[in-house]
Structure formats: C-alpha cells, structure tokens
J.: 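Shown below is the structure under consideration.
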Amino acid sequence: MSSTESLPSQSSQILPRLQAEYVHASAEQVLAADDVLAVIGFADAPAQLDDPRYLRVDLQSDGPTPLEVWRTGAGVRSGRHGALNWSCAQDYLFFSIEVDEQRAGGVAAAAEQAYAEIGGWLETHPLPDARPAHVLRLWNYLDAINEGEGDDERYRQFCRGRARGIVGVARAGYSAATAIGRRDGRRVLQVYGLAAGVAGTAIENPRQVSAWTYPRQYGPVAPTFARATRTGANQLLISGTAAVVGHQSQHVGDTLAQLDETLRNLDSLHAAAGAEIAARGMAASLLKVYLRDPNDKIAVADTLARHRPALSTPLVLFGDICRDDLCIEIDGIQG
Ligand code: 3EB
C-alpha cells in the first residue's frame with residue numbers, strides 16, 4: 001500500500017466540479033478539445049465514433065438534439081479495457097460498455113456481464129497512482145424495457161442480472177442511477193457511468209422507500225440504486241426520479257400530475273441532501289426528462305416553465321419508463 005492510500009484524509013480530498021452541459025455542435029468538433037471527459041449523443045448523433053469518450057444512446061427527441069458534454073479540466077486520457085471504454089482526468093473517470101444480449105445469453109446475463117466487467121476494470125485501479133475509484137453515477141439503457149409479463153418483464157430480468165453483477169461495483173453502497181427503455185429494436189444493453197477518486201455520499205428520499213427494499217410485487221430482485229449521490233465536489237447527481245411515493249406509482253395515466261409529483265420528489269431529495277445542495281437547488285442543474293408519450297411534450301414543457309420558471313430548459317427524450325404505469329421520469333446533474 002502506498003503512503004497516500006493509508007491517509008485517513010483521503011475522502012476529504014478536494015474534487016473539482018464536473019461541468020455538464022448541453023451543446024449544439026458536431027460530436028467530432030466537441031471531442032477535439034482535450035478537456036472533454038465524455039460526450040453522450042442522442043437521436044441523430046453518430047451511432048459510433050472511434051473515441052472512447054463517446055457514446056450514442058438511441059433515444060429520440062424532436063427538433064435539433066444537443067449533445068451532453070462533460071468537462072473536467074485539461075489532459076484527458078482515454079482507452080479501452082476489453083469491451084469497456086474509459087476516459088480519465090482530474091480525478092474523474094467516465095466509462096461505458098455495450099453488451100449484446102443474445103451473445104451474453106439474455107438480458108439478465110447481459111446486465112450481470114456488463115457490471116462484472118465494470119467491476120473488473122475498477123480493480124485495475126484506472127486512476128493515476130492506483131488510487132481507488134468510487135462509482136458515483138450509473139445510467140442503463142435497454143431496448144423494450146417493459147416487454148414480458150410479470151417477473152419476465154425485461155426490466156425485472158435486468159434487475160436480477162444487475163444485482164448479481166454489481167457486487168464488485170457497489171462495495172461501499174449503491175450509487176445514483178437511471179434505467180430507461182429505448183425503442184430501437186437493438187438488443188444491446190448500454191451502461192455508462194462516472195467514478196471519482198473521492199467517494200460520494202448516497203442520499204435517499206424521505207418520501208420514497210429505498211429502491212433496494214421495494215416489496216416483492218415489483219419483481220424477484222429489487223433495483224440496486226440510491227436516489228442520488230452527493231459528490232466530493234458537493235454536486236448532487238440525481239437518479240431517475242418519477243411519481244413514486246412510498247413504493248407506489250401515483251397518478252397513473254396522468255402525465256402532468258406525475259410531473260408535479262416528480263417535482264415534489266426532487267424537492268424532497270434536494271432537502272435531504274443538505275443545506276448547501278438545497279440552497280443551490282435545481283436551478284443550476286442539467287435536467288433530462290424521459291417521456292413515454294411524445295404527444296405529452298408540449299404540455300410537459302409548458303407546465304415545467306409555469307411551475308418551475310427558474311429551471312433551465314431540459315432535454316426531453318422519448319423512452320419507456322421501467323414501470324409500465326409511469327409516463328415520465330427526470331434525472332439531473334447539479335451544476
Ligand atoms: C423508481 O423510482 C423509478 O433501476 O436503475 C428510477 C431510477 C427507476 C433508476 C434503476 C429505476 C432505476 O423506482 C424507476
């Protein structure tokens with residue numbers, strides 16, 4: 001063990017802020033800068049680029065769709081570890097992996113494999129000086145997430161495999177996450193995430209039962225995520241948040257009522273994350289709204305603008321929420 005690893009002050013080390021923004025530009029142009037840690041494309045963005053910092057998630061939007069760009073500071077390095085792509089700068093790591101479901105033996109096996117590979121890569125100590133990396137945030141995208149009846153639903157199968165594979169990723173506890181369904185017919189599980197040399201703090205929402213304690217009715221294995229992660233830079237990484245109170249979906253069939261319930265959950269989560277996070281609030285956050293029905297977009301945008309005029313314009317993407325009775329979910333990165 002090196003001398004720095006044995007210092008108890010490790011977790012109080014300063015982590016610079018992650019800058020996340022939506023950018024209207026070509027991915028190639030954005031990736032030319034060496035302070036760019038990651039670029040996530042949606043909709044019409046290129047399906048693939050020969051750069052480990054880039055991932056396209058095939059969720060549609062309407063109108064011109066920006067790229068999501070994460071910047072940390074100059075000197076970004078990047079590479080591949082088996083099927084996993086990574087980049088690193090300023091004590092942050094970005095990683096992404098795509099697993100073909102058929103080759104893995106189904107969606108549960110694909111999830112187990114994706115998480116096992118992330119865990120295996122973390123064990124290689126990808127940060128400089130072999131300092132341990134802590135996962136702060138995970139995003140999961142899979143095709144046809146609500147397909148299958150009861151416990152055969154693909155989301156529930158995904159949860160089974162994730163729970164088996166995540167052990168080596170979540171040794172210190174679960175991090176914030178999102179799980180959303182694509183509609184591209186491509187049976188490839190996509191997982192990407194953020195890790196850092198400074199551990200985050202998991203935050204739960206007092207209005208909601210912790211996801212990993214959901215009762216049996218939602219599936220054989222509960223989802224393994226925290227409601228948010230507060231980072232060492234005191235930024236709140238907000239999980240996909242929906243109209244779940246306790247463990248139950250609220251306002252089934254009413255997207256605007258689900259939106260308002262989601263906003264109440266987001267307020268409650270910010271309050272639970274501490275005074276500094278609560279004071280900064282959601283106004284400076286990069287928000288993403290996932291909508292099941294594209295026809296709801298205008299009403300949702302209008303309601304958001306009226307009820308929360310201080311918020312920046314979210315990126316609205318059309319996708320399936322992991323419970324079939326939810327029509328809307330919001331996630332975010334506090335600036
Ligand atoms: C919920 O509150 C809504 O399985 O990783 C939100 C965020 C949801 C993440 C996941 C699921 C996940 O249960 C669903």
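Count residues from 1 along the sequence. Whatever order the structure lists ligands and atoms in, that order sets their numbers, starting from 1.
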J.: Which residues pass the side chain to side chain donor-acceptor pair (under 3.5 Å) test with R103, not counting sequence neighbours?
T.: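 Not a single residue meets the side chain to side chain donor-acceptor pair (under 3.5 Å) criterion with R103.
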J.: With no hydrogens and no angle check, just 3.5 Å: does a side-chain donor-acceptor pair link T224 and R162?
T.: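 A pair is found: one side chain offers a donor N or O, the other an acceptor, under 3.5 Å apart.
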J.: Side-chain donor-acceptor contacts of residues 43-50 below 3.5 Å, not counting sequence neighbours, with atom names and distances?
T.:
| residue | atom | partner | partner atom | Å |
| --- | --- | --- | --- | --- |
| D50 | OD1 | R80 | NH2 | 3.0 |

J.: Could you list the residues that satisfy side chain to side chain donor-acceptor pair (under 3.5 Å) with D296, not counting sequence neighbours?
T.: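 In terms of side chain to side chain donor-acceptor pair (under 3.5 Å), with neighbours along the sequence ignored, D296 is linked to T255.
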J.: Between T241 (side chain only) and L266 (backbone N and O only), is there a donor and an acceptor less than 3.5 Å apart?
T.: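 Judged by distance alone, no pair lies under 3.5 Å.
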J.: Tell me yes or no: between the side chains of Q190 and N140, is some donor less than 3.5 Å from an acceptor?
T.: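 Absent: no donor and acceptor within the cut-off.
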J.: Give the protein residues with at least one non-hydrogen atom closer than 4.0 Å to an atom of ligand 1, ordered by chain and number.
T.: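 Contacting ligand 1 under 4.0 Å are Y155, R162, A177, T178, A179, Y214, P223, F225, R227, G240, V244, C322, E329.
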